[in-house]
Amino acid sequence: MNLFADIRALVIDSLNAMVAAGDLPEGLDMANVAVEPPRDAAHGDMATNAAMVLAKPAGLQPRVIAETLAARLAADDRIVTAEVAGPGFLNLRLAPALWQAVVNAALAAGRDFGRSDMGKGIKVNVEFVSANPTGPMHVGHTRGAVFGDALAALLDFAGHEVTREYYINDAGAQVDVLARSAYERYREANGLSPEIAEGLYPGDYLIPVGEALKEKYGTTLLDKPESVWLADIREFATAAMLQMIRDDLALLGVRMDVFSSEKAITASGRIEEAIETLRGMGLIYDGTLEPPKGKLPEDWEEREQTLFRSTAHGDDVDRPVKKSDGSWTYFAPDIAYHWDKVHRGFDQLINVFGADHGGYVKRLKAVVSALSNGRVPLDIKLTQLVKLYKNGEPFKMSKRAGTFVTLRDVVEQAGADVTRFVMLTRKNDAPLDFDFDKVLEQSKDNPVFYVQYAHARVCSVIRKATEAGIAADDATLGAADLTELAHEAEIGLAKKIAEWPRLVEIAARGHEPHRVAFYLYELASDLHAHWNRGNEETGLRFIQDDAAVSQAKIALARAAGVVISAGLGILGVTPAEEMR
RNA sequence: GGCCCCGUAGCUCAGGGGAUAGAGCGACCGCCUCCUAAGCGGUAGGUCAUAGGUUCGAAUCCUAUCGGGGCCGCCA
């Protein structure tokens, strides 16, 4: 049940009736007609811009349209008043029964309240994390993991068919470096001193891998040339790293549906297929690139390479797919991988990358555009840096030094719920400060706590009522007579609840899970405020002497709790039943 | 040099064509005999970086400029 959608439908019907009656010309585009909550609640419950949007194409004064529309809307028994205001806004007041019905709908649907079918039949692939399998996940990966997982959950809630996917970069030079690093740890496990040369991965996490290699190979690989052991150790170490990454993701409650391997795609011949397909479109050619403007690299020299004409699909320059020695660039398997995704029948692709991959956005969009003939949109969400603070001091992370702060460090200190919520209370493209001290604070300064507390209060009311002998189970609350729920403060809370289905669609459409977090904060705030009004006006308390009246009021609280629970579910945060 | 993101209250940030631009923190003043005061109410605080443009209407869209960050052919 989406009350805003219902009323918009009523407005559109009324406009069509006006067309039929000759009050409006035919053929008007009503796509921009919106029904939304007014900025100022004093204006009414909902406002529509219909008259202003249609005035110009209809060749009429906005107020003329608004007056006629108002008269028609007022005839519907759901509309109490329809007033023309300002330049042509139409402010609507709705019958209290509609808001009460929202409470009923929330109780009937439970955590499914707000689910949408806007994504029905749309297959979406959300690729996220895709960290190199060369070490544990760090803080930056954590943000991408949380964002991608919440976005996937949001799209699912909005009715899409969602696949969570991880692309394993297990074919490039970095996994050779991993193999060499692991080999040194293998030597170490055999009592030799490791030589962690410059450029190898120095982290301790490879020590157990070295020991496992000793278990498997004993001393047989010692003092053998790299050509003997590289491939085997690479495979072994990559598998170990991937398992570590899966464990890290599990700490956050993130589970992937599909792991795609760069190595497998390369071996499958997909690269050649994809490049030939592009060549058939005239988008592959041999040529040379202009040197980058500004600071010229010292060793710049012109070389002929195989290039992808990405400029034909919106990129700024064409991009090399082959190095001058004829081997593939990193971009080539990416082309094959995205071609593979298109071929798997997805209708929309979403990639979540760190902001340092910003330079790849245009060329990947060009690839997907070319290979899907423009059918499949690719949205790339870049997550900005996370700055960690503790005791007022910034935490540094440096993968090279082996001293970077890992996902595990963060989750063990802050907990998965807190980590997830905090990382979602910011737009993906804004930098994020993560202060361990603030994030663990139990006060209203901490949004995680604040929202959790609101949910716990609802649970508390239900417990108290039950103890007092008032049935407050969902079935009873769902059947409660809500006509008692008429106070302006109670209707106000119901209105906030009514915004939830609309919020879900807006957030899903924009691929913006942070909107859920902000909405939950607002809803929690409304609930806390309403709770405190009970101090002054005892008639607003949830538990009253009369059981039936109590049940109506508790139903309202429970409806808010249901929405908080559903929203936290999307964010991957457990709703607290009590605070400790 | 080019491309991408950002610039909104003292601070951290929402809002991203619509009415008088919001929240939290910090400051100040109030609220517990009462379902959790782990909370609530109020006051103060703004040339929405700047300058043009589009529009009935711009913090929001476009252009330019300034400031911050990121990226920029054989690294992944």
Side-chain angles (χ1 to χ4, degrees), chain A residues 32 34 36 38-40 42-43 47 49 52-53 55-56 61-62 85-89 91 132 134 169 171-175 177 262 288-297 299-303 305 307 315-320 322-331 334 354-362 380 382 384-385 425-431 433 435 438 441-447 449-450 452-454 456-457 460-465 467-468 510 514-515 517-518 521-522 525 528-536 538 541-544 550 553-554 557 578-580:
Chain A
N32 289 329
E36 34 195 24
R39 175 161 284 178
D40 186 342
H43 291 137
N49 60 358
M52 287 180 290
V53 171
K56 197 166 185 182
Q61 293 293 325
F89 283 102
N91 291 324
N132 285 342
T134 55
N169 292 119
Q174 77 283 1
V175 284
V177 174
E262 178 186 1
T288 56
L289 286 172
E290 295 285 313
K293 300 282 193 290
K295 277 175 283 180
L296 198 64
D299 57 349
W300 174 270
E301 57 180 273
E302 211 166 76
R303 296 185 177 98
Q305 295 172 277
L307 299 170
D315 202 355
D316 307 307
V317 293
D318 292 339
R319 305 292 178 175
K322 273 188 181 176
K323 304 174 190 172
S324 53
D325 66 5
S327 64
W328 298 117
T329 61
Y330 173 79
F331 184 38
D334 263 349
D356 56 342
H357 283 62
Y360 262 75
V361 171
K362 284 194 177 182
I380 298 184
L382 300 177
Q384 281 289 342
L385 290 179
T425 48
R426 198 104 316 172
K427 286 182 292 197
N428 59 289
D429 50 13
D433 288 345
D435 187 324
K438 282 187 184 162
E441 202 170 290
Q442 304 249 309
S443 79
K444 64 174 176 180
D445 307 352
N446 180 357
F449 171 82
Y450 189 78
Q452 292 276 26
Y453 184 33
R457 275 185 149 171
S460 169
V461 165
I462 292 171
R463 277 196 303 272
K464 292 278 179 185
E467 285 168 19
H514 75 275
R515 287 179 184 272
F518 281 98
Y521 185 85
E522 290 168 13
S525 180
H528 288 308
H530 188 249
W531 181 289
N532 269 68
R533 284 189 75 159
N535 289 338
E536 298 285 326
T538 54
R541 293 185 192 173
F542 297 110
I543 299 174
Q544 303 284 334
S550 299
K553 293 178 187 302
I554 296 167
E578 57 185 323
M579 309 307 293
R580 305 218 170 104

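Chain A is the first sequence line, chain B the second, and so forth, proteins listed ahead of strands; every chain is numbered from 1.
- Ring-to-base geometry does not place His528(A) in a stacked arrangement with G39(B) (centre distance under 5.5 Å, plane angle under 30° required).
- Heavy-atom nearest nucleotides on RNA chain B were determined for Asn446(A) and for Asp325(A), and the one closer to the 5' end corresponds to Asn446(A).
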Which parts of nucleotides 28-35 of chain B does protein reach within less than 4.0 Å, heavy atoms only, written one letter per nucleotide 5' to 3' as B for base, S for sugar-phosphate only and - for none? ---S--BB
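- Taking the syn range as angles within 90° of 0, the glycosidic angle of C32(B) is syn.
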Under 4.0 Å protein heavy-atom contact, by nucleotide of nucleotides 8-16 of chain B - B base, S sugar-phosphate only: ----SSSSB
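- Closest contact between the side chain of Val53(A) and the listed nucleotides U36(B), G18(B), A19(B) involves G18(B).
- With values rounded to the nearest 0.5 angstrom, Tyr521(A) atom OH is found 10.5 Å from Thr425(A) atom OG1.
- Between C56(B) and G22(B), the distance separating the two P atoms is 26 Å to the nearest Å.
- When heavy atoms are screened at a 4.0 angstrom cut-off, Gln174(A) is found touching the sugar-phosphate backbone but no base atom.
- For Asn169(A) and A76(B), the CG to P distance is 10 Å, given to the nearest whole Å.
- Legend: residues meeting ring pair (Phe, Tyr, Trp, His ring centres under 6.0 Å) with Phe449(A), ordered by chain and number and at least two apart, are Tyr453(A).
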Shorter than 3.5 Å, N or O on both sides, protein versus nucleotides 68-70 of chain B: list them out with atom names.
{"unit_1": "G70(B)", "atom_1": "O2'", "unit_2": "Ala355(A)", "atom_2": "O", "d": "3.2"}

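- Contacts of Ala47(A) with the nucleic acid, taken as non-hydrogen atoms under 4.0 Å apart, include base atoms.
- Judged as a side chain to side chain contact (heavy atoms under 4.5 Å, CB included), and not counting sequence neighbours, the contacts of Glu522(A) are Lys496(A).
- Across the protein-nucleic acid pair, Asp334(A) atom CG and C75(B) atom P stand 16 Å apart, rounded to whole Å.
- Here the separation of G17(B) from U12(B), taken at their P atoms, is 25 Å to the nearest Å.
- Asn49(A) has its CG atom 16 Å from the P atom of G57(B), to the nearest Å.
- Side-chain atoms of Asn91(A) come within donor-acceptor range of the base of A19(B), with a qualifying N/O pair under 3.5 Å.
- The distance from atom NE2 of His43(A) to atom CG of Asp40(A), rounded to the nearest 0.5 Å, is 5.0 Å.
- There is no side-chain donor-acceptor pair under 3.5 Å between Asp334(A) and Tyr360(A).
- Note that the CD atom of Gln305(A) and the CG atom of Asp318(A) stand 11.5 Å from one another [nearest 0.5 Å].
- Summarising the geometry, the separation between CZ on Phe89(A) and C1' on C56(B) is reported as 11 Å, rounded to the nearest angstrom.
- Distance noted for atom P between U50(B) and A9(B): 11 Å (whole Å).
- Atom CG in Asp315(A) sits roughly 12 Å away from atom P in C3(B) (whole-Å rounding).
- The side-chain heavy atoms of His528(A) and Tyr450(A), taken from C-beta on, include a pair separated by under 4.5 Å.
- Here A23(B) is the nucleotide among A76(B), A23(B), G18(B) with the atom lying nearest to any side-chain atom of Tyr521(A).
- Scanning atom types as modelled, one donor and one acceptor separated by under 3.5 angstrom connect the side chain of Tyr360(A) and the base of A76(B).
- To the nearest 0.5 Å, atom CD of residue Gln452(A) and atom CD of residue Gln442(A) are 10.0 Å apart.
- Closest to the side chain of Leu289(A), out of G73(B), G24(B), A76(B), is G73(B).
- Across the interface with RNA chain B, nearest-nucleotide mapping of Tyr330(A) and Gly86(A) shows Gly86(A) to be the residue nearer the 5′ end.
- As rounded to whole Å, 13 Å separates atom C1' of G1(B) from atom CG of Asp316(A).
- Within a 6.0 Å sphere centred on CD of Glu441(A), heavy atoms belonging to other residues, nucleotides or ligands number more than 12.
- Lys438(A) NZ to Ser443(A) OG: the interatomic distance, rounded to the nearest 0.5 Å, is 10.5 Å.
- A cation-pi arrangement is found for Lys322(A) relative to Trp328(A), the charged atom lying closer than 6.0 Å to the ring centre and inside a 45° cone about the ring normal.
- Between Tyr330(A) and Asn169(A) the shortest side-chain heavy-atom distance falls below 4.5 Å.
- Taking atom P on both C61(B) and A19(B), the two are 15 Å apart, rounded to the nearest angstrom.
- Looking at heavy-atom distances under 4.0 Å, Ser324(A) makes contact with a base.
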Give the dot-bracket line for RNA chain B from 5' end to 3' end: parentheses for intra-strand Watson-Crick or G-U pairs under 3.5 Å, square brackets for crossings, | for inter-strand pairing, dots for unpaired. (((((((..((((....[...)))).(((((.......))))).....(((((..]....))))))))))))....
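- Atom NZ in Lys553(A) sits 12.0 Å away from atom CD1 in Ile543(A) (nearest 0.5 Å).
- Considering only the side chain of Phe449(A), A38(B) comes nearest among A19(B), A38(B), C4(B).
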